[in-house]
K.L.:
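Sharing a structure, written as structure tokens. Questions coming.
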Amino acid sequence: MSFLVSRRARNERSSGPGSRVAPARAASRAGYAAALLPASVVTLGAVAAGRADRARAWWARAAGQQSSALSSARQPGTWRLLAHALLCVPLGLLALIPVGIEVLFVLRGVLYGLVDQGPYDHSWGGPSLAGAWVVHFLVALPFAAAGLGALWLLGGLHARLAGGMWGRRVGAGPVLALLLSSAAGIVLVIAWIHQL
């Protein structure tokens, strides 16, 4: 699973002036959050197939843990691995919302002129194709930035929650944030469906 590249390997790059490490870390964390749902489903399948060691190695790489260097007491057992995969399902489902925003940004912002064949008389920025395209792109930019920010935040929340899998104390804050963000995501999806 190439999206589960070691964070430690990504962080070993130079961080001097002019370095692109900070944007690369943010993009990596956003991509990591976008892949949480498939990763948790694959983990459940691997554990069901008797390959918990493979799933443990994937999550160790993703968390920047050296699974061979950890003592057997700190390595997650099968039940803790299953609990973590099940915990990732709501985060992965929440990540589908900003991923959908990014897809809409590409389709309705960047590729607007190719998706909508006109007429543009009543479109934002119309009546010309160029005006409608530019306005749709500019209106979509803040939503795309918000979607990437939401993915980045979900990646950070998962990093905090994943500490429990490796024997670190998680605390009530990340669990409360997961519950509140899940409730907010449910309300958003229901409101979105009702406005269609």
Side-chain angles (χ1 to χ4, degrees), residues 1-11 25-104 146-194:
M1 305 192 85
S2 62
F3 60 85
L4 293 176
V5 177
S6 169
R7 287 188 181 178
R8 182 168 292 144
R10 289 189 300 256
N11 294 341
R25 283 186 194 156
S28 172
R29 187 192 242 180
Y32 176 73
L36 282 175
L37 186 61
S40 62
V41 170
V42 167
T43 299
L44 292 172
V47 170
R51 300 294 306 210
D53 54 336
R54 286 284 280 186
R56 193 175 298 112
W58 295 333
W59 287 111
R61 249 191 333 268
Q65 301 283 339
Q66 301 296 330
S67 59
S68 60
L70 289 173
S71 67
S72 61
R74 291 199 58 201
Q75 283 194 0
T78 303
W79 290 109
R80 192 180 281 186
L81 193 61
L82 276 174
H84 179 73
L86 290 174
L87 184 71
C88 287
V89 170
L91 281 174
L93 290 173
L94 275 173
L96 290 178
I97 296 170
V99 166
I101 290 171
E102 298 304 321
V103 169
L104 282 175
L148 288 175
L151 283 172
W152 181 78
L153 288 171
L154 286 172
L157 179 58
H158 175 261
R160 293 284 307 273
L161 289 169
M165 183 170 66
W166 300 104
R168 293 188 296 268
R169 184 168 161 79
V170 173
V175 175
L176 183 61
L178 173 65
L179 294 174
L180 290 175
S181 59
S182 295
I186 290 169
V187 168
L188 177 69
V189 168
I190 290 172
W192 185 286
I193 290 171
H194 283 286

K.L.:
Which heavy atom of Leu36 sits nearest a heavy atom of Gly92, and at what distance?
P.N.:
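Leu36 and Gly92 have their closest heavy atoms at CB-CA, 4.0 Å.
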K.L.:
Measuring from atom CD1 of Ile97 to atom CD of Glu102, what distance do you get when rounded to the nearest 0.5 angstrom?
P.N.:
13.0 Å
K.L.:
Of all the heavy-atom pairs spanning Ala33 and Gly155, show the shortest one and how long it is.
P.N.:
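Looking at all heavy atoms of both residues, the shortest contact is CB-N, 3.6 Å.
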K.L.:
With a 4.5 Å limit on heavy-atom distance, are the side chains of Leu157 and Leu94 in contact?
P.N.:
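No; the side chains remain at least 4.5 Å from each other.
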K.L.:
Rounded to the nearest 0.5 Å, what separates atom CG in Leu153 from atom CG in Leu148?
P.N.:
11.0 Å
K.L.:
Before you tell me yes or no, could you show the steps for Leu81 and Val47 under side-chain contact (heavy atoms from CB on, under 4.5 Å), namely the whole-Å CA-CA distance, both residues' side-chain angles and the distance that decides it to 0.1 Å?
P.N.:
CA-CA 8 Å; Leu81 193 61; Val47 170; 3.8 Å; yes
K.L.:
Rounded at 0.5 Å granularity, tell me how far OG in Ser181 sits from CG in Leu91.
P.N.:
6.5 Å
K.L.:
How many angstroms lie between CG in Leu154 and SG in Cys88, if you round to the nearest 0.5 Å?
P.N.:
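If we round to the nearest 0.5 Å, Leu154:CG and Cys88:SG are 11.0 Å apart.
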K.L.:
Quick check: closest heavy atoms across Ala34 and Leu151, and the distance to 0.1 Å?
P.N.:
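In this case the closest contact between Ala34 and Leu151 is N-CD2, 4.0 Å.
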K.L.:
Could you list the residues that satisfy side-chain hydrogen bond (donor to acceptor under 3.5 Å, both in side chains) with Ser40, not counting sequence neighbours?
P.N.:
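Ser40 satisfies side-chain hydrogen bond (donor to acceptor under 3.5 Å, both in side chains) with no other residue.
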K.L.:
So, for Pro174 and Gly171, which heavy atoms are closest and what is the spacing to 0.1 Å?
P.N.:
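Distance-wise, the nearest heavy atoms are CD-O, 3.8 Å.
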